[in-house]
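Chain identifiers are assigned alphabetically (A, B, ...) following the order of the sequence lines, protein sequences preceding nucleic acid strands; residue numbering begins at 1 within each chain.
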Number of protein chains: 2
Amino acid sequence: MSNTERRRRHSGRTTLADVAREAGVSPITASRALRGERGVAAELADRVRQAAESLGYVPDPAARALASQRSHQVAILVPLLSNALFVDVLEAVQSTLWPHGYQTLIGVTHYRPDEEEQLLRTYLAHRPAGLLLTGFDRTEAARRLIGHVPCVHLMELARAPGVYCAGFSQQDAGEAITRHLLERGRRRIAFVAAQLDPRTMQRAEGYRRTLRQAGLYDPRLERLSPEPSSMRLGGELFAELLQQHPDCDAIFFCNDDLAQGGLLTALRQGVAVPGRVAVAGFNDLSGSDQMLPPLTTVRTPRRAMGEAAARMLLSLMRGETPATTALDLGFELTVREST
Amino acid sequence: MSNTERRRRHSGRTTLADVAREAGVSPITASRALRGERGVAAELADRVRQAAESLGYVPDPAARALASQRSHQVAILVPLLSNALFVDVLEAVQSTLWPHGYQTLIGVTHYRPDEEEQLLRTYLAHRPAGLLLTGFDRTEAARRLIGHVPCVHLMELARAPGVYCAGFSQQDAGEAITRHLLERGRRRIAFVAAQLDPRTMQRAEGYRRTLRQAGLYDPRLERLSPEPSSMRLGGELFAELLQQHPDCDAIFFCNDDLAQGGLLTALRQGVAVPGRVAVAGFNDLSGSDQMLPPLTTVRTPRRAMGEAAARMLLSLMRGETPATTALDLGFELTVREST
DNA sequence: CTGTTAGCGCCTTCAG
DNA sequence: CTGAAGGCGCTAACAG
């Protein structure tokens, strides 16, 4: 038994070398052909592709990542999967990236910068081709970790140069809905929020700014709970608020699930909506159009953000410089009967 | 410039060799120490761990996967992320696997066997250490692809030997809720379903079996829609059913979102629940306890399934043989006021 | 445009 | 219990 024989560890998998042999070219030519690198004679490329096909060749991502120092994985970090918002963004991202041969590594941060940093550390070890992150608030360490990996931020708009993002102005959206309530003649407008993540607080800023301008801002009409958002919580805060402030005539909930809970509690307690109190939500989640009454809300461009961010990332990963660094996808006030 | 100099492609990353040098041992000893392989002197192992720590060493998963033919990734395929059910399962899986150093590759099949097969093909190229799949219905090709990769199936119970699964009997659950409606004195019990995936159809079987036994089965009281499940659809099917079968006195919806839509339509149309018609759902999703009236449903062991499946997979990946191949996590009838 | 050579970082195999 | 040698499969660098 020769020494080389003894040491073979071949895994049985079809390798590029097999394809190259079959096609009668060198491995590197096969590699170039299969990656679509230009500079391979069309005829050879065809032969290689056919050989690969007939042998059922599947490139080894690990070998590829090791040799080239880059993988075809894109890491995407979202706060939660229990908010339909992020699920829609994810779906759009995946269906945009998949046809280009990129897989996604989904990480859930639970709105915690330390978890995000940990995930980033782990995922960056895989040398992802790109990163998709939610928002801008993160640890300094996380920011350093990102380094020069192509990266697009979701859900917000930033002004910083060289920072790519696809989102919309949370503050403007908060302002739009507050303004709508004012236009409906409401004067004692409350704001109810949970989770209190940065985007929620930006909506709060839009709310405050608008009411201050109108001379109607009253901090006692804010209910900010750090708990996770839920229908139950929305119902509780609704009841509490109306009890403590019977003159409250409108409530802007920072998310539709809270608002839905509020509407159901209104039904349960016989509070007329919008007669006694108008109710507005945010995100236009599933079911909001089914409520009694149907919920006025802000339709956020979830799929558009996911797709735009993915496209931006694709061009960054190709080494191009996208025309815009901050893509504003806008939002749409969706007025229904609850206001 | 020497030949070796010229050819260096070093990535700048801290490697095992750096750690070994720092600790004054050979790379392989460092490797063994860091992987916790037994047979390394405690003192050396300590020195290695310290060196790794101080250098901020992070193992390269690609190199590791290439050399060892296995990664630390677990691929998990679920039908959808827009059903909270799967999100909860996922969360439980991730938090169980993470402490053991496994990352998850999440794939979404959209209930399509062909998409599942494609995802499997792609993810298996990454040599995942294990697989978590939803249910048992898949293409023959997919089954072959799985080969001998450690694999646990979620959501159902199988009888086949060597097939590992963590779930509960969908059919029994369908039976339990139907029986409950019978016990409440209902006789014209309808079944409303969407999506029509295998698990839904198993619940349908439980419903049919129970009603046949009671001599009350009437196929005209079944509404099976292939559309995706949603509150809107639930509302539509509710209205349609009551119009065509005014004598219908109970409805079993195959998922809570449909049932919630049904309840809201009942409110809108002034149909008394449970007076005129009792309504039951499935899965105990968020908000079902907030409905008017609160929804009777089946609480399914989502987190328990995720955790149990992950634990089972961990032992399979360690090369052990789990005591049970089919883990029945049960379910719980949650009776509220809608019945 | 194609091929040769060698190395990415780690781990398996064999030897001591 | 530790180490030396070399390969996993692919692609970068360089040469023709």
Let me know the distance between CG of A:L66 and P of C:dC10, rounded to the nearest Å. 9 Å

Write down the distance between CD (A:E37) and C1' (D:dT11), rounded to a whole number of angstrom. 9 Å

A:Q69 side-chain proximity, nearest of C:dT13, D:dG9, C:dC8: C:dC8

A:Y57 OH - D:dC10 C1' separation (whole Å): 7 Å

What's A:R35 touching, base or sugar-phosphate or nothing? Going by heavy atoms closer than 4.0 Å. sugar-phosphate

Rounding to an integer number of Å, can you tell me how far A:R32 CZ sits from D:dT11 C1'? 9 Å

Below the 4.0 Å mark, does D:dT11 have OP1 or OP2 next to a side-chain nitrogen or oxygen of A:R64? yes

Neighbour count above 12 (heavy atom, 6.0 Å) for B:E320 CD: yes

Between P on C:dC10 and CG on B:L34, what's the gap in Å once rounded to a whole number? 9 Å

To the nearest angstrom, how far is A:H72 atom NE2 from D:dC10 atom C1'? 12 Å

For a quick test of reading the model, state the closest non-hydrogen atom pair linking A:P322 to A:S315 and the distance between them. CG-OG, 3.4 Å

Listed pairs under 3.5 Å, donor-acceptor, residues 143-152 of chain B side chains, sequence neighbours left out:
unit_1, atom_1, unit_2, atom_2, d
B:R143, NE, B:E140, OE2, 3.3
B:R143, NH1, B:F136, O, 3.1
B:R143, NH2, B:R138, O, 2.8

B:A67 side chain, from C-beta outward: closest of C:dC1, D:dG9, C:dC10: C:dC10

Salt bridge (charged side-chain N to carboxylate O under 4.0 Å, His left out) with A:R64: which residues, sequence neighbours excluded? none

Partners of A:D46 by side-chain hydrogen bond (donor to acceptor under 3.5 Å, both in side chains), sequence neighbours excluded? A:R49

One thing to verify: whether B:R13 and B:D18 come together as a salt bridge, which I'm taking to mean a side-chain N less than 4.0 angstrom from a carboxylate O. no

I want to verify a distance call: between C:dC10, C:dG3, D:dG9, whose nearest atom is closest to the A:D60 side chain? D:dG9

Where B:A308 and B:L329 come nearest, the two heavy atoms and their spacing: CB-CD2, 4.2 Å

Could you give the side-chain donor-acceptor pairs of residues 73-93 of chain B under 3.5 Å, partners two or more places apart or in another chain?
unit_1, atom_1, unit_2, atom_2, d
B:N83, OD1, B:L85, N, 3.0
B:D88, OD2, B:R302, NE, 2.9
B:D88, OD2, B:R302, NH2, 3.2
B:E91, OE1, A:H110, NE2, 3.0
B:E91, OE2, A:H110, NE2, 3.2

Once you build an axis from the first five pairs and another from the last five of the helix from C:dC1-D:dG16 to C:dG16-D:dC1, how far apart in angle are they, to 10 degrees? 30°

Using heavy atoms and a sub-4.0 Å distance, could you list which residues of residues 16-31 of chain A are near DNA chain D? By number, please. A:L16, A:I28, A:S31

Reading DNA chain D from 5' onward, which residue's closest nucleotide shows up sooner: B:L44 or B:R127? B:L44

Could you tell me if A:Q94 and A:T104 have a donor-acceptor pair between their side chains, going purely by distance under 3.5 Å? yes

